[in-house]
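Here the structure is laid out as structure tokens; the discussion comes afterwards.
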Amino acid sequence: MNNKIEQQSRTDDTESVDYTISFDSVDKVYGADTVAEESVVALEDIDLDVERGEFVSVVGPSGCGKTTLLHMAAGILDATDGSVQINGVDVQSPQHERKEVGLVFQHPVALEWRTVRKNIMLPVQILTENGAIDKDMSYYEDRADELLSLVGLEGFGDSYPNELSGGMQQRVTISQSLIYNPSVLLMDEPFGSLDAMTKDELNLELLRIWRETEKTILFITHDLDEAVFLSDRVVVLSPRPGEVADVIDIDLDRPRDEDTRGTTRFVELSAELHKHFKSLQ
Amino acid sequence: MIGSAVRKLGDGISGGGRFSIDSDRITRWTLSAFGLVLLIAFWEAVTTVLSLNPKYFPGPMGVVTELIRIWPAIVAALPNTLSAALVGYLLALTLSIVIAIPLVASDRLLNALMPFIIGTNTVPRIAMTPLVIYWVSFYSVSMLYLANYVMAVWVAFFPMLIAAIDGFRSIDEDTENMLEVYGATTWQEFKYVRFKNGLPFIFDGMKIGFVLAMIGAVVGEFVSGTFGIGSQAASAIGRTSIARAFAIVLVLGLISTGVVLIVYLIESKMIFWRESSIMGAE
Amino acid sequence: MSALSERRLALAKRWIKRQFPTLVTGILFIVLWEGIARVIGNNRIVADIGYTVSSLQARADTIVVRVSETFSSVVVAFILAVALGVLLGVIIAEIYTLRQMTMPLIIFAYAVPHPVLAPMFIIWFLVGGSFTLFTFTGPSAYIFPAMTAADAQIAIGINGVSTFGAWVGFFPVFISTITGMNELEERYQHLGTVLGASRWQMVKYFRFWRALPNIASSIKSTVQLSIVGVIVAEFIASSSGIGYQIILAWKTGDLGYMFGVVLVIMLVSYTFFQLAVWTVKYVTPPGSVT
């Protein structure tokens, strides 16, 4: 983990810790601007900072505003109050760089009429047309090939999404979010609709990809064991209104593998998280 | 709204066979052909055995004889009706897509106009036929046939517009969010997602749209009496000649079926990522 | 204020909010109509609202009688269409061989522009005569004191006009019955097999109910098409009904009356449509109609 140490020392140099994702007393109220509908407080006073290269998971009961939190970081939703910053820039400001953020959804968003390779290239096309990235197309085409092998889809570049299994489609979506090399990856229960075996497999692969690409990852899940297995820190949200109820440091050794889930420390941490979770209800 | 009424007939009708897959297609075709032959034989037999009055209950032979007899008249009348239907159809199709784009691009515009579009689609637009003919005849009596073109557009346009709007709008929330994250412009949304995504809907609209354009043109001819297949069909009432009416139905039905099949074949070729059905939305 | 009335108020607010665009559209339509009429300033090209209303008032009794006639035919057509559509749909969906044998016929009948078939219906009933199921005194007798009960009488019957309306409206119901019945999820099929359900029981307990939402939503199209069928048949065949009144107005060049009649048809059709959809919503399980 040489890289991590280097980054750590660099942040020390600049004195202030540079947070890649930063929520500063963020509130989100739905329906605040309409008259007839009742307003709902989805999130209240969220303070959350994610360091460069950190893997942070957010867990919470359904309806606690996990997805809302993620969508605000992605710039899809506007915070009612407070500010959300990526690399020190407000996501709603024009200075915000879209190429810094990748988003992976619960369901694959592969377009049915595009081949796997073309689906992976879609963000590049849009971002290039809008002048948000300026590298050659051939650079990204090579990168698409690399990504295909990184996520284990060699030889499927010319297949159509309908020809792939759900797990493979999700790999396509992950490649799609990595193609333009964003520094931040936002993931919304990306493995939630997969079977347990595929999920474990993709968990391991995600850790490998994270290690190799050094992304900062904000990961939403309702699977507590998954959160413990993957993360550096786990944030527990309370329901209605969503507030940060707890932050748990996961001090498991890295790199983690199949055996990690069997260690005493994993079981302890998992049990602790379950206990926290139970106390919320 | 109407688009959801009848969607995948292909699913319902071609699926669920109890035959092995390789012989399935042959079996189906054989059955269809056999059914057709059986129907015609039964029809002929009933009219012969019961010795029904051929004027009111003609057998298939009677219809064919009448068709041959009036064939020259049909050939003379057909171009008028078909050009009204076809031109009206293509015009309505183009308009429906061109108008659907700004409506889908702007929520505000869509919200403002949707009640009007749905309302107009709900009422029997065909009831306007005499009014349209009146206006056209006011403009120029010698160009009365223009009313048939107008009716073809007027009847076919709204269902196709709704199909196009439904189609362009039918993208799921995740895809919409994805486009937002990449900062896609409205035009890029259409270019990369909405056009392709809307195609199945538009094709469904095109299938029913042609039949509707034909209906508009034919009813226009019914009422105005301009020379065409519609007025020929109406004249069958005066002669109380079922054979004649039937012969005309046969000709027009085959043409319509042909066009619907062509649209279906183009659809199956273009939309490789999902299965198409012969009968679109009604 | 109690919680309940607060909730009611919120619901009412939402209803008003939802109806608002329709209302605005209606007002806009009226303003636009009158505006255009004023600009053109010729009641023979575009009748203005005043002229239209006075033309309508002058013959209000005829219109009410004719509209009642037309919509009695529509009701008969609609009921026939739904009943036959579901019945034949169930049969065709159940019997695979029959479905394949009638396939070309079904596609042909779907694609043929219905109006060319209208003459056949009309000739047959012209020759064979039509059946009157029952007659009753129409609403016009109560609205207009001067009108005798005999003049206001409405016949509910099976004739060329109503059967043609039924034919036109039949297809959506027929096809969605077939589609819906064949969309039954495999697990129910397996459940039926485990329980040893007979074919009829499968239809009665599963397949028909699976098709119900499809049928319910197709009824929207059927309402519209039954009205279209009846009006088209009245155009070319009968001397009765509101369809014939438009033709009459056209032949006499009475634009005010023509405008009025078209407007009345549109309004009554829209109301009839909403009423039918509401009824279907009421009698089917929740969620069947969207």
Side-chain angles (χ1 to χ4, degrees), chain A residues 67-68 70-78 86 91-92 94 96-115 118-119 121-133 159-163 169-170 173 176-177 179-180 182 184-186 188-190 193, chain B residues 7-8 10-11 15 97 104-105 107-108 110-112 115 163-164 166-204 206 264-277:
Chain A
T67 299
T68 303
L70 197 83
H71 282 183
M72 284 194 294
I76 295 169
L77 290 173
D78 214 346
I86 301 271
V91 288
Q92 293 296 338
H96 167 61
E97 291 193 86
R98 294 189 183 276
K99 65 169 188 202
E100 290 302 321
V101 182
L103 183 56
V104 181
F105 299 94
Q106 181 174 4
H107 300 287
V109 286
L111 302 175
E112 298 160 299
W113 53 88
R114 286 181 156 239
T115 59
K118 283 196 163 170
N119 262 298
M121 289 295 283
L122 178 71
V124 173
Q125 277 183 289
I126 295 178
L127 291 169
T128 305
E129 280 174 10
N130 294 346
I133 49 178
S159 304
Y160 286 94
N162 285 350
E163 299 166 340
Q169 287 187 25
Q170 198 56 288
T173 324
Q176 192 183 47
S177 65
I179 181 80
Y180 50 100
V184 175
L185 211 50
L186 304 170
D188 187 5
E189 300 192 31
S193 54
Chain B
R7 189 113 283 159
K8 285 257 163 189
D11 283 358
I97 291 171
V104 174
D107 276 346
R108 189 173 291 211
L110 189 71
N111 286 337
D166 282 351
F168 292 152
R169 274 164 61 94
S170 76
I171 69 175
D172 58 279
E173 216 186 322
D174 280 348
T175 310
E176 212 159 348
N177 286 338
M178 173 190 78
L179 289 168
E180 170 123 27
V181 170
Y182 302 150
T185 60
T186 305
W187 174 243
Q188 283 171 327
E189 272 180 35
F190 273 94
K191 184 170 136 197
Y192 290 116
V193 182
R194 291 190 194 274
F195 282 133
K196 283 273 173 57
N197 215 39
L199 269 185
F201 291 78
I202 290 172
F203 271 111
D204 274 351
M206 280 170 72
Y264 166 70
L265 288 178
I266 297 172
E267 179 184 2
S268 328
K269 276 267 175 313
M270 270 180 82
I271 304 175
F272 55 86
W273 60 91
R274 68 165 76 179
E275 227 176 295
S276 311
S277 69

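Letters A, B, ... mirror the listed sequences (proteins, then strands); counts begin at 1. Remember, it's a predicted structure, so these values are computed and weren't measured experimentally.
Contacts of A:I76 with chain B are made by both backbone and side-chain atoms, with heavy-atom separations under 4.5 Å. Neither the backbone nor the side chain of A:L186 comes within less than 4.5 Å of any heavy atom of chain B. In this structure, the portions of A:Q125 lying under 4.5 Å from any heavy atom of chain B include both its backbone and its side chain. Proximity to chain A (any heavy atom under 4.5 Å) is shown, for B:E180, by both the backbone and the side chain. Heavy atoms of B:F272 lying under 4.5 Å from chain A belong exclusively to its side chain. Of the atoms belonging to B:I171, not a single heavy atom falls under 4.5 Å from chain A.
Here the straight-line distance linking atom CG of A:L122 with atom CE of B:M178 works out to 5.0 Å at 0.5 Å rounding. A distance of 3.5 Å separates OH in B:Y192 from CD in A:E129, rounded to the nearest 0.5 Å. Remark: A:H107 NE2 to B:T175 OG1 distance equals 11.0 Å, nearest 0.5 Å. A distance of 14.0 Å separates CH2 of B:W273 from CD of A:E163, quoted to the nearest 0.5 Å.
Taking all atoms of both residues into account, the shortest heavy-atom contact from B:K196 to A:W113 is CB-CE2, 3.1 Å.
Between chain A and the residues B:L199, B:V181, B:I271, the largest count of heavy-atom pairs under 4.5 Å involves B:V181.
Other residues, nucleotides and ligands contribute over 12 non-hydrogen atoms within 6.0 Å of the CD atom of A:Q92.
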Run the numbers on B:L179 and A:I126 for side chain to side chain contact (heavy atoms under 4.5 Å, CB included), then give the verdict. CA-CA 9 Å; B:L179 289 168; A:I126 295 178; 3.9 Å; yes
